[in-house]
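Single-structure report; data block below.
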Amino acid sequence: MADQFDVVIVGSGVAGLSTALAARGARVAVVTRGVIGLDGASSWAQGGVAAAIGPGDSPSQHALDTLKAGCRRNHKAAVRWMAESAPEVVRWLVDIGTEFDRIGANLALGREAAHSFPRIVHAGGDASGAEIMRALRAAVEMSSHIETFEHCQVRELIKLNQSVVGTAVQNNQGEAFELYAPHVVLATGGVGQLFLNTTNPPECDGSGLAIAHRAGAELADMEYVQFHPTALAPAQPGQGEQLLLITEALRGAGAQMVNEQGLRFMLAQHEAAELAPRDVLSRAVWSQLEHGHVVYLDARMLGDSLRQRFPTVFRSCQQRNIDPRQELIPVVPAAHYHMGGIKVDLHSLSTLNGLYAIGETACTGVHGANRLASNSMLEGVAFGRVLGERLARMPKPARIPPVGLGIWREPNKGAPISEAMVFARLRQLMWSCAGLVRYEDALEAAVDQLQLLERRCLNGAKVLDQLLVGRLLVEAARRRTESIGAHAIAPRRPQVSGQAAA
Ligand SMILES: Cc1cc2nc3c(=O)[nH]c(=O)nc-3n(C[C@H](O)[C@H](O)[C@H](O)COP(=O)(O)OP(=O)(O)OC[C@H]3O[C@@H](n4cnc5c(N)ncnc54)[C@H](O)[C@@H]3O)c2cc1C
């Protein structure tokens, strides 16, 4: 089967659906691994969307905070443009039906670490992503210009005369088909699943980066991965499932980090203690774990208000039989957000003609070496809307001659080692070698091990994409010899007694 559209969008998170909605007037296909708008990271977002709309605040101050968080490695023009677009992004989300929390008639504004003002628009307390995605999904259902392909995975990009002209897709029955379009938009999210501990759901495994790289698109800033300091520790360490996030708004509300001895270790690490930048906090937690300690978040002082203000956190703790009003919450750091990705210009165009990238999979440069909290939902909508509107204005394409599935081939039967085992090994390697602190000797060994695993997998195995992205990330981390932002590098792992970080 093959079909032609004006635009093919891969991924149905906040970036993919914003682009699709804005492309009204074009015939748009949205391909997604699970159910439209429910798979991917977007519906898990807790804090909300950053926008300078409060008294005394300004887009220039928002831009400044973004640059500071990104260690000024950001693309300045992109930062300025995004901060200026943010109020309009919030208006657009309200217009499509998002019900943000309000105080009276005004939008309620939360404050998060490294923001100079309260500027986080949120919904349902800490259920912002779920509400935004509910509204986007409802708008997509009402839009006749969008056709959806659920439970389908894009395996390759199709090229003709050096331009991307379509995608090779596989559904969950293993059937392959092609979707052609002169404009292909990758909105495939982040890479968290490549790490043992992650807040990201299973769809966030960097597959968009693998297919873009194989097609010849340039990737950038691959080494910049943000680790969240407070994910709910797994019941069984090392199980590798998606870990539930304990929002930093909880620390904003007064929760403190302590170890099993009751020591509030952040006091000695940073003047802002628990409100220090994410990377500082994450590395302090990592160091505690490496020295055999157990780390907890103490939110008991919030008492019953915790249940109303942080319903998602409360529910997550309950699932682990923890009552956060009376008990400490065990936490670990976890891979959370990828600042790097497919290199794009201010119009979201990659280095390949016909290929665009949007949202977390793109590297617009707005985040620099570290992302300011709540800037990523904003980025997805801001860049997605403008791209969608622009693509809808493009002249309608002539018929693209079918190229066929081309470089994509059926996997050989009977892989010599199980893909699940290879994936588990990859996640462990990435966590220990390319995690919060990257040790030069371990990175070198990791490249060899990843290449060995790649050689043992048969052509067409999906895990090859994950291994490829893992290797590209490790290679980029090796090249970046200075510690900056989310990337910390040291010559070798210190010898510590006691338990290693799990
Ligand atoms: C727990 C958590 C809390 C967060 N809180 C916030 C917050 O408060 N504020 C904020 O700004 N950011 C937050 N973030 C980050 C933010 O949620 C993400 O950066 C953002 O949602 C990414 O959106 P996206 O559309 O780029 O990708 P995603 O929402 O991850 O969507 C990716 C899509 O691509 C699809 N896909 C992937 N590969 C393929 C393929 N090969 N073929 C077909 N489909 C594919 C997936 O199925 C999915 O639909 C949070 C993240 C997490 C995990």
Side-chain angles (χ1 to χ4, degrees), residues 8-20 29-51 86 89 110 112 120-123 126-130 132-133 136 148-157 167-172 179 185-193 198-212 226 228 230-232 242-249 312-313 316 334-339 341 357-362 367 371-384 462 465-466:
V8 170
I9 298 172
V10 187
S12 69
V14 71
L17 294 193
S18 300
T19 311
V30 178
V31 187
T32 197
R33 273 171 148 177
V35 174
I36 283 285
L38 291 181
D39 52 3
S42 297
S43 51
W44 293 90
Q46 293 187 358
V49 180
V89 161
E112 287 183 344
I120 316 301
V121 179
H122 48 85
D126 58 3
S128 308
I132 291 169
M133 294 312 293
L136 282 168
T148 57
F149 295 81
E150 296 183 322
H151 305 292
C152 286
Q153 184 169 338
V154 168
R155 299 295 310 275
E156 292 291 357
L157 296 171
T167 58
V169 189
Q170 191 176 32
N171 67 20
N172 61 357
L179 296 175
V185 182
L186 293 178
T188 48
V191 301
Q193 276 290 319
T198 182
T199 59
N200 289 189
E203 299 81 25
C204 301
D205 65 353
S207 78
L209 301 184
I211 58 180
Q226 183 176 82
H228 199 286
T230 55
L232 185 59
Q242 176 191 4
L243 303 182
L244 297 164
L245 180 80
I246 307 294
T247 173
E248 61 195 346
T312 309
V313 169
S316 303
H336 185 57
Y337 184 81
H338 193 205
M339 278 71 75
I358 210 91
E360 193 168 336
T361 204
H367 306 297
R371 177 191 68 131
L372 182 68
S374 289
N375 262 353
S376 39
M377 296 293 279
L378 168 62
E379 181 192 17
V381 181
F383 284 86
K462 285 184 190 166
D465 283 359
Q466 296 152 341

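Note that the structure is a prediction, hence the values are computed from the model and not measured. In each ligand, atom 1 is the first atom listed, and ligand 1 is the first ligand listed.
The salt bridge (charged side-chain N to carboxylate O under 4.0 Å, His left out) test applied to Asp126 returns no partner, not counting sequence neighbours. Partners of Asp39 according to the salt bridge (charged side-chain N to carboxylate O under 4.0 Å, His left out) rule, which considers only residues two or more places apart in sequence or in another chain, do not exist here. Every side chain to side chain donor-acceptor pair (under 3.5 Å) that Glu379 has, sequence neighbours left out, goes to Tyr337, Thr364, His367.
Around ligand 1, the residues contributing at least one heavy atom under 4.0 Å from the ligand are Val10, Gly11, Ser12, Gly13, Val14, Ala15, Val31, Thr32, Arg33, Asp39, Gly40, Ala41, Ser42, Trp44, Ala45, Gln46, Gly47, Gly48, Cys152, Gln153, Val154, Ala187, Thr188, Gly189, Thr199, Asn200, Glu203, Cys204, Ser207, Leu245, His336, Tyr337, Gly359, Glu360, Arg371, Ser374, Asn375, Ser376, Met377.
Taking CH2 from Trp44 and OG from Ser128, the interatomic distance works out to 14.5 Å, rounded to the nearest 0.5 Å.
One side chain, Glu112 or Ser374, offers a donor N or O that lies under 3.5 Å from an acceptor on the other. Side chains of Thr199 and His228: no donor on one and acceptor on the other come within 3.5 Å.
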